[in-house]
Amino acid sequence: MDHKDFTSSLPQAEMVRLTTRSDRLGLRHLAGHLGLILLGGIWIASGWPLWQAVLPLHGVVLVFLFTLEHEATHKTPFASVRLNEWAGRLTGLMILLPFEWFRYFHLAHHRHTNIPGNDPELAAGAHPETWREYLLYASGLRYWRDALRQVLVNAVGGDPGEFVPPRAQPRVTVEARWMLAAYALAGTSLLFSPLLLWIWVLPMLLGQPVLRLYLLAEHGRCAFVANMFENTRTTLTNRAVRFLAWNMPYHVEHHTLPLVPFHRLPELHAKMRGHLEVTAPSYRAFTLDYAAGLSRSTD
């Protein structure tokens, strides 16, 4: 059975129920995520005990806003279209990932998942195969370089990529210019207080490697085929990670039925569990296994 066979086996009433979105559940989850960000920011700003140790933890919570932005590209975190749009735009601003542009990048990834020459994630070097590539990828430096370059290219009306349709390019340009204006305003605040440096910039730099390694598990070392049961990995993990990642560790489930909102993915996982072909027992196990492969293929 492939992912299409599984999808066609679900009764229509079940599909409708699984794809029903909820403002209440989305806002409750968002409140929890923002609450953690607020707690970390106050802890660091107030200089409470061990605030230095909180910096990377706060950074991890911040960078995992990516998973909310990702969900917003599918319009699934909330029932409200407006809530989905603003959640995507604001989280994109926070993590230097323009939402209007990323929407088309990510939808192209879903159309051509793990297909060389078509999946833009592969073109972006998301699957390192040597130790040098792996360490550069895991550092997050490539992400920040590429993200900043993309915002600047978009802002001057440059080529945003073939996956962005011409009708969307003006919106992509306007969004990038607004983002640069917001960053300039934030930078001005540093002339008066280093607060943003400590509660946003530095934590984001420290947290990005965790997000990079998390994302690597989604498709790293999976088959270059169209079947979602083979080209995508579900990683089994604890409730804390699933919460922070908006249940995206259930990644085969998400790719099989992208319109299923985050709060229904555990239920979809229970139905799909017997058909999964690529899984990892934990992120630690995946990372150790991936690193072992690199040790045999260094240049």
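When a residue number appears, it is its place in the shown sequence, counting from 1. Only a predicted model underlies this, so the values are computations on that prediction, with no experimental measurement involved.
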Asks: What heavy-atom pair brings Met94 and Leu62 nearest, and what distance separates the two atoms?
Replies: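 Closest approach of Met94 to Leu62: CE-CD2, 3.8 Å.
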Asks: Could you identify which residues cluster with Leu90, counting Ile, Leu, Val, Met, Phe, Trp and Tyr as linked when any side-chain heavy atoms lie under 4.5 Å apart, either directly or through a chain of such contacts?
Replies: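 Result for Leu90 is Trp86.
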Asks: Should Val241 and Val210 be regarded as members of a common hydrophobic cluster, given that ILVMFWY residues are connected when their side-chain heavy atoms come within less than 4.5 Å of each other, either directly or indirectly?
Replies: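 Yes; Val210 is reachable from Val241 via cluster members.
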Asks: For His106 and His70, does a side-chain donor sit closer than 3.5 Å to a side-chain acceptor?
Replies: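 Yes, a side-chain donor-acceptor pair sits under 3.5 Å.
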Asks: Please check: side-chain N/O of Glu71 versus main-chain N/O of Thr67, any donor-acceptor pairing under 3.5 Å?
Replies: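 Pair absent, no side-chain N/O of Glu71 close to backbone of Thr67.
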Asks: Could you pull out all residues at least two apart from Arg177 that satisfy salt bridge (charged side-chain N to carboxylate O under 4.0 Å, His left out)?
Replies: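 Partners of Arg177 by the salt bridge (charged side-chain N to carboxylate O under 4.0 Å, His left out) criterion come out as none, since no residue qualifies.
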Asks: With sequence neighbours excluded, what pairs up with Thr91 under the side chain to side chain donor-acceptor pair (under 3.5 Å) test?
Replies: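 Expected list: none.
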Asks: If you take the centroid of each ring, where Trp contributes its six-membered ring, are Tyr250 and Phe262 closer together than 6.0 Å?
Replies: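 Centroid separation for Phe262 and Tyr250: 6.0 Å or greater.
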Asks: Are Leu30 and Val260 joined in one hydrophobic group, where the rule is that I, L, V, M, F, W and Y side chains link up if heavy atoms are under 4.5 Å apart?
Replies: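 Same cluster: Leu30 reaches Val260 through Ile, Leu, Val, Met, Phe, Trp or Tyr contacts under 4.5 Å.
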Asks: Is the distance between the ring centroids of Trp43 and His58 less than 6.0 Å?
Replies: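 That pair fails the under 6.0 Å test.
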Asks: Going by the ring-ring contact (aromatic ring centres under 6.0 Å, His included) test, which pairs reach into residues 185-207, not counting sequence neighbours?
Replies: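 Pairs touching residues 185-207 that pass the test: Trp51-Trp198.
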Asks: Please list all pairs meeting salt bridge (Lys or Arg N to Asp or Glu O under 4.0 Å) that have one or both residues in residues 31-56, counting only residues at least two apart or in different chains.
Replies: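 Those involving residues 31-56 do not exist here.
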Asks: For Asn231, check side chain to side chain donor-acceptor pair (under 3.5 Å) against everything at least two apart and list the hits.
Replies: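 Testing Asn231 for side chain to side chain donor-acceptor pair (under 3.5 Å), a comparison that skips the adjacent residues, returns none.
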Asks: Check side chain to side chain donor-acceptor pair (under 3.5 Å) between Trp101 and all other residues, then give those that pass, not counting sequence neighbours.
Replies: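 Trp101 satisfies side chain to side chain donor-acceptor pair (under 3.5 Å) with no residue once adjacent residues are dropped.
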Asks: Checking side chain to side chain donor-acceptor pair (under 3.5 Å) between Trp246 and each of His254, Glu69, His33, which is the one that passes?
Replies: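 Of all the options given, the one that passes is His33.
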Asks: When you compare the side chains of Gln150 and Asn154, does any donor N or O come within less than 3.5 Å of an acceptor on the partner?
Replies: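 Yes, because at least one side-chain N or O of Gln150 sits under 3.5 Å from a partner of the opposite role on Asn154.
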Asks: Taking all atoms of both residues into account, what is the closest heavy-atom pair of Leu27 and Phe78, and its distance?
Replies: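 Of all heavy-atom pairs spanning Leu27 and Phe78, the closest is N-CE2, 3.5 Å.
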Asks: A side-chain contact here means heavy atoms from C-beta on lying under 4.5 Å apart; do Leu10 and Leu18 qualify?
Replies: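 Counting from C-beta outward, Leu10 and Leu18 do come under 4.5 Å.
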Asks: Could I get the full list of salt bridge (charged side-chain N to carboxylate O under 4.0 Å, His left out) partners for Glu100, not counting sequence neighbours?
Replies: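 Per chain and number, Glu100 pairs via salt bridge (charged side-chain N to carboxylate O under 4.0 Å, His left out) with Arg89, Arg103, Arg171.
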Asks: Do you know the tightest heavy-atom contact between Glu175 and Pro98?
Replies: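 Reported closest heavy-atom pair: OE1-CB, 3.4 Å.
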Asks: Show me the pairs that pass salt bridge (Lys or Arg N to Asp or Glu O under 4.0 Å) and involve residues 256-279, at least two apart or across chains.
Replies: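 Non-adjacent pairs meeting salt bridge (Lys or Arg N to Asp or Glu O under 4.0 Å): Glu14-Lys271, Arg17-Glu267, Arg264-Glu267.
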Asks: Run the side chain to side chain donor-acceptor pair (under 3.5 Å) test against His112 and tell me which residues pass, sequence neighbours left out.
Replies: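 With sequence neighbours excluded, His112 shows a side chain to side chain donor-acceptor pair (under 3.5 Å) to no residue whatsoever.
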Asks: Please determine whether residues Leu96 and Val60 belong to a single hydrophobic cluster, defined as Ile, Leu, Val, Met, Phe, Trp and Tyr linked transitively by side-chain heavy-atom distances below 4.5 Å.
Replies: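 Hydrophobic grouping puts Leu96 with Val60.
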Asks: Once the angle between the rings of His255 and His110 is folded into 0 to 90°, is it parallel (under 30°), tilted (30 to 60°) or perpendicular (over 60°)?
Replies: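 His255 vs His110 ring planes: parallel.
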Asks: Remaining members of Val174's ILVMFWY cluster at a side-chain heavy-atom cut-off under 4.5 Å?
Replies: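 Its cluster mates, by chain and number, are Trp178.
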Asks: Would you check if the side chain of Asn114 reaches a backbone N or O of Thr232 as a donor-acceptor pair within less than 3.5 Å?
Replies: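 No, because the side chain of Asn114 does not come within donor-acceptor range (under 3.5 Å) of the backbone of Thr232.
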Asks: What is the minimum heavy-atom distance between Pro160 and Val172, and which atoms define it?
Replies: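 Heavy atoms of Pro160 and Val172 come nearest at CB-CG1, 4.3 Å.
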Asks: Quick check on side-chain contact (heavy atoms from CB on, under 4.5 Å): which of Tyr290, Phe286, Tyr134 does Leu213 satisfy it with?
Replies: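 Checked Tyr290, Phe286, Tyr134 against Leu213; only one passes side-chain contact (heavy atoms from CB on, under 4.5 Å): Tyr134.
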Asks: Determine yes or no for a side-chain-to-main-chain donor-acceptor pair under 3.5 angstrom, with Ser193 supplying the side chain and Ser189 the backbone.
Replies: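 No; zero donor-acceptor contacts below 3.5 Å.
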Asks: For Val278, what are the other residues in its hydrophobic cluster, where any two members join if their side-chain heavy atoms are less than 4.5 angstrom apart?
Replies: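 Via sub-4.5 Å side-chain contacts, Val278 links to none.
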